[in-house]
Amino acid sequence: MEVPPEMLDALAGWFAQSLSPDTAARRGAEQSIASAASSPGFALALLGLAASPRHDLQARLAASVHFKNLLRRRWPKPDADADADVDHLPASDCAIIKAHLLQLLLTTPPLIQAQLSEALAAAAASDFPARWESLLPSIVSSLGTAVNAGDITATNSLLAAVVSLFSRFRNAFDNNALRLDLKYCLDIFAAPLLEVFLFASRRLQAAATTANPLELRPVFECLRLCCEIFYSLNSIDLPEFFEDNMRQWMTEFQAFLTTSYPPPVEADGAPDALRAAVCDNLQLYMEKYEEEFRGYLKEFVEAVWGLLMAQTASPSRVQLAVTAIRFLTTVAESVHHALFGSPEAMKQICDSVVVPNLRLRDEDEELFEGNWVEYVRRDSEGSDADTLRRAACRLLRGLAANYQEQVAALVSAQVQQMLVAYAANRSNNWKEKDAAIYLVIALMQKPGATGGGTPVVDMESFFTSVIVPELQAPDWQSEPMLKATVLRFLKEFKDQIPKATALALLQSVMRFLMHESNVVHSYAATFIENLLIIKDAVPVPGVTTVIRSPRYVAADINPFAPQIIQNLSTALGFPDSQENPYLMKCLMRVLGIANIAGQIVHEITAQLVGILMEVCNNPKNPDFNHYLFEALAAVIGRTGEQDPTLLPAFETSLFPVLQRILVEDISEFWPYAFQIFAQLVNLSRPPLSQNYMQLFGVLLSNATWDRPPCVPALVRLLRAFLRKILNELNQEGRLPNILAISRSLLSRSSTEDSAFYMLNTLVENVGFDILNPYISEIWSALFTRLQTRQTVKFVNSLVVFMSLVLVKYGSSVLVNSVDAIQPNLFTQILQRFWIPNLNLIKGALEVKLTAVASIKLLCESAVLLDAAAAQLWGKLLDSIVTLLSRMNQDGSQQEHNDGTDAVDTQKTSSYSVSFVRLQYAGKSEDDLLKEVNDPKQFVVTSLATISAQFPGRFGPVIEQHVDLANKSVLLQLCAAYNANIV
């Protein structure tokens, strides 16, 4: 694989610059890389740079990461239609990559090797095994060579690649194709894996007394990788080979758990890393293959228990303890729970496993102070595998499933003991109270949880005597870790706190937004934000529908809003919290609910714009940035609609930063900027200013639409303009330009939704007199695409669009304009697509629109009222009734979109340019049928009216062509609305 040296040098320079703190240099390098990505051989150049020993390691590592991501995006998939819009790598490049990747992987440094292993897995996800039959045999052959030569380093490199290759068996959806691939892998690799495993085990035993950790570390790593592959190959089902050789595997597993190595080796952490992988395998067998595993269970429980009792300074001990406790939890929840059923065993678990692992450790305090982001992630964002505390509590919950009373008594006594210890010496024993609160959080019932919880304390008394005093304490800056746990308690049980109590406590909680600890003010912000999105189920009298209504509304939060906003604004200036997503999320939520006015609007807008200007220099925190734009959208939406005179101030503040985003090509923010522009246009009154008309000109440029992630936002902006410039639309070729853009969007599956959204917007806002000259062009584009794109999604969108045309312009316009393309084409579309897909329509407005349009067809269209179309009439009615029946099933709960979806929309560790909708910037969809309150009533009354005009005509049609179940539904609807079909 030859790559010109000058290309490697150029790439290396760009990647080095892409890591520069200088914004201009970084963006220039990123643009150079992006431009080069479309050139032939780019993937090969990346691989060549990653493998080039003469270039800087950081540039090589960056190239390997880029190579991995490139393969994930552009490697051809077996299903060509699945990503038809993707610019796939050329087949010749793919062939060269497959020929060289494995060998290059073996010769690169470990950091790069890890990335190339993931790249290999990305390519293999599409090609292996069917289109890459040489891969696994090559790995097996190389493994044999490495083992025979005693080359443990090469062995580990190959095993690491296999770990990536087989990892898909862990989480993939189980189906026949996956099982065939697994069988292929087992047939080729199961026996060699056991050979390598036993080879490494013998090598470990031979050197077990060696005190040099550097010598043994690769051997432990080899065994750990074998255990990971063991897990992947056993994830779907118990393979016959592993069942036949279970004794060999389990014997070695037990030896790893029970053998002690010299202290320097133990302190290195490699033995515990291997033991943790063994415990993962034991848990897998306990969960899935209990019958085959039960003969080994008792000895493994004893071995794992012994590990938890042993003390060591190993850096891997925490992860081992977590996996060991998880295994014991699985046993405790199984039919073998009696192994822990004695009072002595349970007390030992509580005293020796739960309580020691529940108390805060020095490492926790260091993490709290030194890396607050990681502390929050582990403590409150569900990273169970990372925390001993949560694993220990999960073990208690597992025991409580079968021994609730015994566990409740033990834990209740422990909680009281901890609280007594705290009361005896508050300054030194605050960790006891922290552990007591954590126990209650872990075991008490929370809303939505299953299993009923374990009642260890009287919640009301505990809340009043333990939690509230910490919130109201004068020394609110002291014991920050305890304060953080108290705030976490509030968050966990927020639904159970009465509204009046929560509002009374809000004044105290607001103080903690100003706490000097990043964790504490983040938890305070999280509690307030979580509180404001609580919804209660409110039944609607007389129907089965339940509405989810917000518990806290503007009137509740208004008295507190100015102080909360001020405290949050101050906290956003604290060290390490300038881009704190929890603070910005809370600010977003308060601004989206509270009514604010006057000077505070100008102050918070100016601060948000200032923050946006700063993050434009280096958009590195996608969550924070999303909430920042949501906060801006909330201010504009809430206050702009209430006070239109604020619009000039918003434009003055926002135009410079939005223009900077476009001019400097800050691509991450383009979708957001267009949504904010759309919001400003929506608030404007015609005629629009010159600035907006210039923006409209940019919007009509084909180049603007070349970025797929921006398309949904651009369509929203176009929608806003169409509502304001109807008089200017038919000037300067604007409408044909818009239709040309819609055709372009329609040609790609990734943007066809936006094409329909654009066409729907045109029909909603433009009269037929303006659209008439172009309607044939629209139908031709849609039906041409339909010939090759008959997916459910596309057909549903087409039916919705046709329904919109019918409702807006009339059934005759729809039928005649379609038949103008080809005689009787409408009837063909109705038979082949509309009727079969009608009952697949989703969305409340879409269901209502298509149901009303379909019944209008039945009752108004000459095509359907023709006696010769009786069968077609009956089939369409049958589909309408099916659609209405599904409304009963899908409509049991309704939620008002009040912006509470503006949470967790973009959880990602890296930046990619993608469209993320701003909930607070979105206007509710227009309902062209506001006068139709109940689609079911509209349908049956329309049927009753048309049948009265043609007595006796439709009864036989219904009897012959409507499904029996739907006839019953139709009768029920007629009875419910006092309508008769005669």
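Just so you know, these numbers come straight off a predicted model, no measurement behind them.
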**Non-hydrogen side-chain atoms of His337 and Leu399 separated by less than 4.5 Å** = no
**Prompt:** So, does Thr108 use its side chain to make a donor-acceptor pair with the main chain of Leu105 at under 3.5 Å?
**Reply:** yes
**Prompt:** Arg224 and Ala277: which non-hydrogen atoms are nearest, and at how many Å?
**Reply:** CG-CB, 4.0 Å
**Prompt:** Looking at SG of Cys393 and CG of Leu358, how far apart are the two atoms once the value is rounded to the nearest 0.5 Å?
**Reply:** 4.5 Å
**Asked** When you check the gap from the basic side-chain N to the acidic O, do Glu365 and Lys431 get nearer than 4.0 Å?
**Response** yes
**Message:** Tell me whether Lys77 contacts the main-chain N or O of Trp75 through its side chain, where contact means a donor paired with an acceptor under 3.5 Å.
**Reply:** yes
**Item:** Donor-acceptor contact below 3.5 Å, side chain Gln115 vs main chain Ser64
**Value:** no
**Message:** I want to check something: taking the side chain as every heavy atom from C-beta on, are Asp379 and Phe368 in contact at a cut-off of under 4.5 Å?
**Reply:** no
**Message:** Tell me the closest heavy-atom pair linking Ala442 and Arg397, and the distance in Å.
**Reply:** O-NH1, 2.9 Å
**Atom pair CG (Asp151) and OG (Ser142), whose distance is rounded to the nearest 0.5 Å** = 11.0 Å
**Request:** Decide side-chain contact (heavy atoms from CB on, under 4.5 Å) for Val335 and Glu290; before the verdict, give the C-alpha distance in whole Å, the side-chain angles of both, and the deciding distance to 0.1 Å.
**Result:** CA-CA 10 Å; Val335 294; Glu290 178 271 332; 4.2 Å; yes
**Straight-line distance of Cys279 SG to Leu284 CG, nearest 0.5 Å** = 13.0 Å
**Asked** Quick one: does Leu490's side chain get under 4.5 Å of Leu487's, heavy atoms only?
**Response** yes
**Request:** Step through it carefully: locate the ring centre of Phe166, locate the ring centre of Phe189, and say whether they are under 6.0 Å apart.
**Result:** yes
**Message:** When you compare the side chain of Phe327 with that of Val301, does any pair of heavy atoms fall below 4.5 Å?
**Reply:** yes
**Pair Arg361 + Glu366, salt bridge at N-O below 4.0 Å** = no
**Asked** Donor-acceptor pair, Asp280 side chain versus Tyr231 backbone, under 3.5 Å?
**Response** no
**Asked** Between Pro264 and Asn212, is any pair of side-chain heavy atoms under 4.5 Å apart?
**Response** no
**Message:** Any carboxylate oxygen within less than 4.0 angstrom of a Lys/Arg side-chain nitrogen, looking at Arg359 and Glu432?
**Reply:** yes
**Backbone of Phe241 reached by a side-chain donor or acceptor of Asn245 within 3.5 Å** = yes
**Asked** Ignoring hydrogens and geometry, is there a side-chain-to-backbone donor-acceptor pair from Asp364 to Leu360 under 3.5 Å?
**Response** no
**Ring center gap for Phe230 and Trp249 short of 6.0 angstrom** = yes
**Request:** For residues Gln248 and Leu198, determine if any side-chain heavy atom of one lies less than 4.5 Å from a side-chain heavy atom of the other.
**Result:** yes
What pairs of donor and acceptor atoms, side-chain ones from residues 128-138 against any protein atom, are under 3.5 angstrom apart with sequence neighbours left out?
residue	atom	partner	partner atom	Å
Arg131	NE	Asp127	OD1	3.4
Arg131	NH2	Asp127	OD1	3.0
Ser138	OG	Ser134	O	2.7

**Prompt:** Should Arg275 and Glu266 count as an ion pair when the cut-off is N to O under 4.0 Å?
**Reply:** yes
**Fill in**
All heavy atoms of Leu320 vs all of Ala276, minimum pair found to be CD1-N, 3.6 Å
**Prompt:** Are side-chain N/O atoms of Thr329 and Arg394 paired as donor and acceptor at under 3.5 Å?
**Reply:** no
**Request:** Given side-chain contact (heavy atoms from CB on, under 4.5 Å), test Leu328 with Phe340 step by step and report yes or no.
**Result:** CA-CA 9 Å; Leu328 295 181; Phe340 307 115; 3.9 Å; yes
**Request:** State, to 0.1 Å, how close Ile236 and Phe169 come at their nearest heavy-atom pair, and which atoms those are.
**Result:** CG1-O, 3.6 Å
**Request:** Determine, step by step, whether Glu252 and Phe197 satisfy the side-chain contact (heavy atoms from CB on, under 4.5 Å) criterion, reporting the C-alpha distance in whole Å, the side-chain angles of both residues, the deciding distance to 0.1 Å, and the verdict.
**Result:** CA-CA 9 Å; Glu252 301 303 320; Phe197 180 69; 3.5 Å; yes
**Prompt:** Less than 4.0 Å between a side-chain N and a carboxylate O, is that true for Glu344 and Lys347?
**Reply:** no
**Item:** Step-by-step side-chain hydrogen bond (donor to acceptor under 3.5 Å, both in side chains) determination, Arg170 to Ser235
**Value:** CA-CA 5 Å; Arg170 296 187 177 211; Ser235 292; 5.0 Å; no
**Request:** Could you check Leu410 against Leu396 for side-chain contact (heavy atoms from CB on, under 4.5 Å), going step by step and ending with a plain yes or no?
**Result:** CA-CA 10 Å; Leu410 279 170; Leu396 270 185; over 6 Å; no
**Prompt:** Take atom CG in Asn176; do more than 12 heavy atoms of anything else shown fall under 6.0 Å from it?
**Reply:** no
**Message:** Students often mix this up, so state it plainly: with edges at 30° and 60°, are the rings of Tyr285 and Tyr289 parallel, tilted or perpendicular?
**Reply:** perpendicular
**Message:** Tell me whether Arg168 is salt-bridged to Asp181, with the criterion being a basic N under 4.0 Å from an acidic carboxylate O.
**Reply:** yes
**Prompt:** So does Glu221 pair up with Arg217, basic N to acidic O under 4.0 Å?
**Reply:** no
**Asked** Do Leu482 and Ile437 have side chains that get closer than 4.5 Å, going by heavy atoms?
**Response** yes
**Asked** What is the distance from atom CZ of Arg294 to atom CG of Leu297, rounded to the nearest 0.5 Å?
**Response** 9.5 Å
**Request:** For the residue pair Thr485 and Asp434, confirm or rule out a side-chain donor-acceptor distance under 3.5 Å.
**Result:** yes
**Gap separating the OG1 atom of Thr153 from the CG atom of Leu106, nearest 0.5 angstrom** = 11.0 Å
**Prompt:** Does CD in Gln103 sit with more than 12 non-hydrogen atoms of other residues, nucleotides or ligands closer than 6.0 Å?
**Reply:** no
**Nearest heavy atoms of Ala392 and Asn357, plus distance in Å** = CB-CB, 4.1 Å
**Asked** Does any non-hydrogen side-chain atom of Phe489 lie less than 4.5 Å from one of Phe462?
**Response** yes
**Request:** Heavy atoms only: give me the nearest Ala435-Arg389 pair and the separation to one decimal.
**Result:** CA-NH2, 4.1 Å
**Request:** With rounding to the nearest 0.5 Å, note down the distance linking OG1 in Thr251 to CZ in Phe256.
**Result:** 10.5 Å
